[in-house]
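This report refers to the structure that appears directly beneath it.
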Amino acid sequence: MKSRNLTGIHRYDAPAGGWGALKATAQAVADQMRLAEAPVLLLRTNKPDGFDCPGCAWPDKAHTSTFQFCENGAKAVTWEATKKRVTPEFFAAHTVTELQTWSDHDLEDAGRLTHPLIYDAASDTYRPIEWDAAFARIGSAMASVPEPDMVEFYTSGRASNEAAFLFSLYAREFGTNNFPDCSNMCHEATSVGLPQTIGIGKGTVSLDDFDACDLIISMGHNPGTNHPRMMGTLHECARRGVPIIVFNPLRERALERFADPQNAIEMGTLGSTRIASTYYQVRVGGDAAALKGIMKALLAADRRAPGAIDHAFIAEHTNGFDAYIEDLDNTAWADIEQACGLTQADLEQVAAAYARSKAAIVTYGMGITQHARGTQNVQQIAALLLMRGNFGRPGAGICPLRGHSNVQGNRTVGITEKIDPVMFDNIEKTFGFRPPERHGHDAVDAMKAMVSGYTRVLICLGGNLAMALSDTEQCEAGMRRLELAVHMNTKLNRSHLMIGRDAIILPVLGRTESDVQATGAQSVTVEDSMSMVHASRGKLAPASEHLRSEPAIIAGMAAATLPNTRVQWHYLVEDYGRIRDLIEKVYPDFQGYNERILKPGGFRLPLPPTERIWKTKSGKAEFLPFKGLQEDPGAVESGSLKLTTLRSHDQYNTTIYGLDDRYRGVFGRRDVLFMNAADLARHGLEHGDAVDISTGLPGESHRRLRLTAIAYDIAPGSVGAYYPEANNLCPLDYQDKQSGTPSYKSIPVVIRKAA
């Protein structure tokens, strides 16, 4: 294959973190903030009496001796605390039709929204509207829908517990359980799969467990970009000699080597620490096969010399092990190797390391969950841990890596489309009304209802739903059929431009800003990915005097919508402690809520598996076999490769901070397709060729995307492209049927050289 120099494509040889991270942080500050404000603001991030980072959900230790933010956290903070403003004059100067031609980066980079806005069709612009008029317009639209289920209540994972709880009350008193939320698109497979297996849909480890573990198995995630504060934890583990075994289709720099910006020696010597002790480039869609191979090897080792499997734990605490063994015995090694792209010897090596460990943690991300059998993938990780009793002891457990900073907390306080009789009973006791006994819409079902014309109103508590969801064409068509879309956001995004009959944008306070209500400055609370609940208090002056907090906006909408409401909406917003008192009544795990959040670091919600208590129907943990080896079964076009969607390093979910993906060597562009060199050759392609990608599912070949193919160290048979640009290649129906999660991480695609 001949070499070709491509604009914006060149190798980046430095470690993750280090001086590159400090330089990028400084650039983000210079681009967005007033330099005098930035140092004080960043040093308040993730600190007692400070604010919780609006980025990822990785927890922080309660000490205050070092700064508790990372490069991408700093980008998230500066992006929100920007000096740039999007005023009514901005919208007067730019029609919606024009704004649709802007990039996603440019839309958000325009700055903070300053006024409530309503779409004016005559001028094709957003125009200012008074708050009370906006609430009245929303209340009128809600009153006009024939059925409550014709309204969707979407929630972003950045919303606080207080806002999410009020939002759930608003929807349920209105009469629906339609709660599409960002969890549906990322870790719903965890929320569905783990309760069936260990009795709770959350991880079981704490930061202290990482201090006690002697093995980490990392599957399907890229922490350097998507949960970067985790790198400090992995760095500490690696430096004390903990083996870190990585399974990932791409070579990701942060999982190879990392320089901690807080380590003076590494920074001074330009040194770094090796993170992965062993790195296995599993094929896209091959994780279940790899897991079955590890467990099959573990079983064989135990038969040769008992001790590799904890039979006493299994006998006392689990069900279904015999059927599980039978499935492993009936799975051939040749089939496992073919499905995952790894050898029997590779997987036996992992099994041997696992058998030697005394306390192991398995961490995983959306490379596990976003598959057609993502729920079952999660259950196989749980099974691997159960085989050696790696629950309920220090240094052991399962660690799903949540994305947004409160996506787990939203679910804990009621953002779920599922029927929950205990929650419904407590709502009825507390407020005097009972939520409807009907299963609501998740994200995909909500979009299908919009596309069909059934849904009339969409209310979004943050987020960028149309871009976050799969099947972008259908999402846009669905949004344009709405009678009203209401968006609560800090910044402009593309979903605001997909307008049906009416659209309203309500500007909200950010996490970094002071929230003052009738009784004074307020704190909100969030739950991190390890079930720690803690307070967050912004200190910056609001970006505009016209902003309102999310709880206040929800209360205003609810009061305008529900003339006979049983909830004292405005009273609650005067003091958020009153909201927390009610959360405690509906969810008893929050007992002593207001007192417990006064402690630095907050408090941990109960996690029964850490005490070897299993809240399953049987009262035991369940081994649930994965039949076959295909994570994404079904017919595909001949010659298809498997596409996984990726986030760049200048990105967090749908928010694109810039156009660089430093660690992967991509600068100033996003129009690339990462391909294995052998796959390029097999397809008659060269590094730098323009290619047309179409969806390799029957009847879906009309879905096309043109990108530039670049040679990259990715597993054979696997390709990668950026999210959300590649989302349209994933049809709405291509999903995990158990959890409803779209299969973003394993889309069959056909690749041809562009004409």
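Keep in mind that what you see is a predicted model, and the values were worked out from it rather than measured.
- For the residue pair D733/Q735, the side-chain donor-acceptor check at 3.5 Å is not satisfied.
- Without hydrogens or angle criteria, R158 side chain to G463 main chain gives no donor-acceptor distance under 3.5 Å.
- Salt-bridge annotation for E173 and R434: absent, with no side-chain N of the basic residue lying under 4.0 Å from a carboxylate O of the acidic one.
- Counting non-hydrogen atoms of neighbouring residues, nucleotides and ligands closer than 6.0 angstrom, the CZ atom of R438 exceeds 12 such neighbours.
- With F433 as the aromatic partner, R172 does not meet the cation-pi criteria of under 6.0 angstrom to the ring centre and within 45 degrees of the ring axis.
- More than 12 heavy atoms of other residues, nucleotides or ligands shown are found within 6.0 angstrom of CD on E98.
- Judged by the 6.0 Å distance and 45° axis criteria, R85 is not positioned over the aromatic ring of F90.
- Once rounded to the nearest 0.5 Å, the distance linking CD1 of I656 with NZ of K75 reads 12.0 Å.
- Within the 3.5 Å criterion, the main-chain N or O of G462 finds no donor-acceptor partner in the side chain of H487.
- No option in H534, R402, Q408, R411 other than Q408 meets the side chain to side chain donor-acceptor pair (under 3.5 Å) test with E527.
- Salt bridge status for D109 with K491: absent, with no side-chain N to carboxylate O gap under 4.0 Å.
- Side-chain contact between N489 and H496: present, with at least one pair of heavy atoms (C-beta onward) separated by less than 4.5 Å.
- Nearest heavy-atom pair across A163 and I554 is O-CD1, 3.3 Å.
- Counting only heavy atoms from C-beta outward, the side chains of F153 and T176 approach each other to under 4.5 Å.
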Start with the C-alpha distance between E417 and N177, add both sets of side-chain angles, then the distance that settles side chain to side chain donor-acceptor pair (under 3.5 Å), and finish with yes or no.
CA-CA 5 Å; E417 73 280 3; N177 291 312; over 6 Å; no

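- If you check the side chains of N377 and H371, you find no donor sitting under 3.5 Å from an acceptor.
- When atom types are taken as modelled, the side chain of N653 and the backbone of A468 share no donor-acceptor pair closer than 3.5 angstrom.
- No side-chain donor from either of Q522 and D515 sits under 3.5 Å from a side-chain acceptor of the other.
- The backbone N or O of V151 sits less than 3.5 Å from a side-chain atom of N178, completing a donor-acceptor pair.
- Stacking of R670 on the aromatic ring of Y722 is recorded, both the 6.0 Å distance cut-off and the 45° axial limit being met.
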Test side chain to side chain contact (heavy atoms under 4.5 Å, CB included) applied to E80 and R511, step by step:
CA-CA 8 Å; E80 176 178 290; R511 191 78 63 79; 3.8 Å; yes

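- Between the CD atom of Q474 and the CZ atom of R703 there is a distance of 6.5 Å, given to the nearest 0.5 Å.
- Summarising the geometry, atom OG1 belonging to T512 is positioned 14.5 Å from atom CZ belonging to R537; distances are rounded to the nearest 0.5 Å.
- Between R580 and E584 there is no salt bridge, since no side-chain nitrogen of the basic residue lies less than 4.0 Å from a carboxylate oxygen of the acidic one.
- At least one side-chain heavy atom of P400 sits less than 4.5 Å from a side-chain heavy atom of Y364.
- A side-chain N or O of N464 and one of S495 form a donor-acceptor pair less than 3.5 Å apart.
- Ion pairing between a basic and an acidic side chain is recognised when a charged N comes within 4.0 Å of a carboxylate O; R456 and E483 show such pairing.
- Classification of the F590-Y587 ring pair by plane angle, with boundaries at 30° and 60°, yields perpendicular.
- In this structure, a donor-acceptor pair under 3.5 Å is present between the side chains of Q32 and T82.
- Counting non-hydrogen atoms of neighbouring residues, nucleotides and ligands closer than 6.0 angstrom, the OH atom of Y454 exceeds 12 such neighbours.
- Side chain of E513 to backbone of G510: a donor-acceptor contact under 3.5 angstrom is found.
- Between W569 and F167, the distance from one ring center to the other does not fall under 6.0 angstrom.
- Side-chain contact of T741 with E188: a donor-acceptor pair under 3.5 Å is absent, judged by distance alone.
- A donor-acceptor pair is defined here as one N or O able to donate and one able to accept, closer than 3.5 Å; no such pair exists between the side chain of D528 and the backbone of V533.
- Annotation for R578: atom CZ counts as buried by contact number, over 12 foreign heavy atoms lying within 6.0 Å.
- Within a 6.0 Å sphere centred on CD of E130, other residues, nucleotides and ligands contribute 12 heavy atoms or fewer.
- Other residues, nucleotides and ligands contribute at most 12 non-hydrogen atoms within 6.0 Å of the NZ atom of K585.
- Residues F431 and V586 are in side-chain contact: their nearest non-hydrogen atoms beyond the backbone lie under 4.5 Å apart.
- Contact of the T654 side chain with the D104 side chain is not registered, since no non-hydrogen atoms from C-beta on lie closer than 4.5 Å.
- The shortest distance between side-chain heavy atoms of C399 and M530 falls below 4.5 Å.
- For H546 and W131, the distance between ring centers is not under 6.0 angstrom.
- Checked for salt-bridge contact, D442 and K418 miss the test: no charged N lies under 4.0 Å from a carboxylate O.
- A donor-acceptor pair under 3.5 Å links the side-chain atoms of S648 to the main chain of D650, judged by distance alone.
- Under 3.5 Å, the side chains of S160 and E550 contain no donor-acceptor pair of N or O atoms.
- With hydrogens and angles left out, the side-chain atoms of W79 and E108 include a donor and acceptor closer than 3.5 Å.
- Under the 6.0 Å cut-off for aromatic ring centres, Y154 and H441 do not qualify, their centroids lying 6.0 Å or more apart.
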Starting from the C-alpha separation in whole Å, work towards a yes-or-no answer on salt bridge (Lys or Arg N to Asp or Glu O under 4.0 Å) for R373 and D736.
CA-CA 5 Å; R373 297 175 72 185; D736 177 11; over 6 Å; no

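- Between the side chains of Y576 and N161, no donor-acceptor pair is found at a separation under 3.5 Å.
- The two residues A721 and A726 have their closest heavy-atom pair at CB-CB, 4.1 Å.
- Between K745 and D632, no side-chain nitrogen of the basic residue sits less than 4.0 Å from a carboxylate oxygen of the acidic one, so the salt-bridge criterion is not met.
- The side-chain heavy atoms of M447 and L458, taken from C-beta on, include no pair separated by under 4.5 Å.
- Of the inter-residue distances, the one linking T375 atom OG1 with Q738 atom CD reads 4.5 Å to the nearest 0.5 angstrom.
- Defined by atom type and a distance below 3.5 Å, a donor-acceptor pair is missing between the side-chain atoms of T95 and T97.
- The aromatic rings of Y126 and F91 lie perpendicular to each other, with more than 60° between the two planes, well past the 30° mark.
- Note: M450 CE to L469 CG = 8.5 Å, rounded to the nearest 0.5 Å.
- Between the R127 side chain and the D120 main chain, no donor and acceptor come within less than 3.5 Å of each other.
- Residues K202 and L194 fail the side-chain proximity criterion, which asks for heavy atoms closer than 4.5 Å.
- Within the 3.5 Å criterion, the main-chain N or O of C730 finds no donor-acceptor partner in the side chain of D471.
- Listed here is the closest heavy atom pair of T369 and C186: OG1-O, 2.7 Å.
- Pairing each heavy atom of A134 with each of L506, the nearest pair is CB-CD2, 4.1 Å.
- The line from CG of L461 to CG of D181 is 10.5 Å long, rounded to the nearest 0.5 Å.
- Under a 3.5 Å cut-off, the side chain of T430 and the backbone N or O of N426 do form a donor-acceptor pair.
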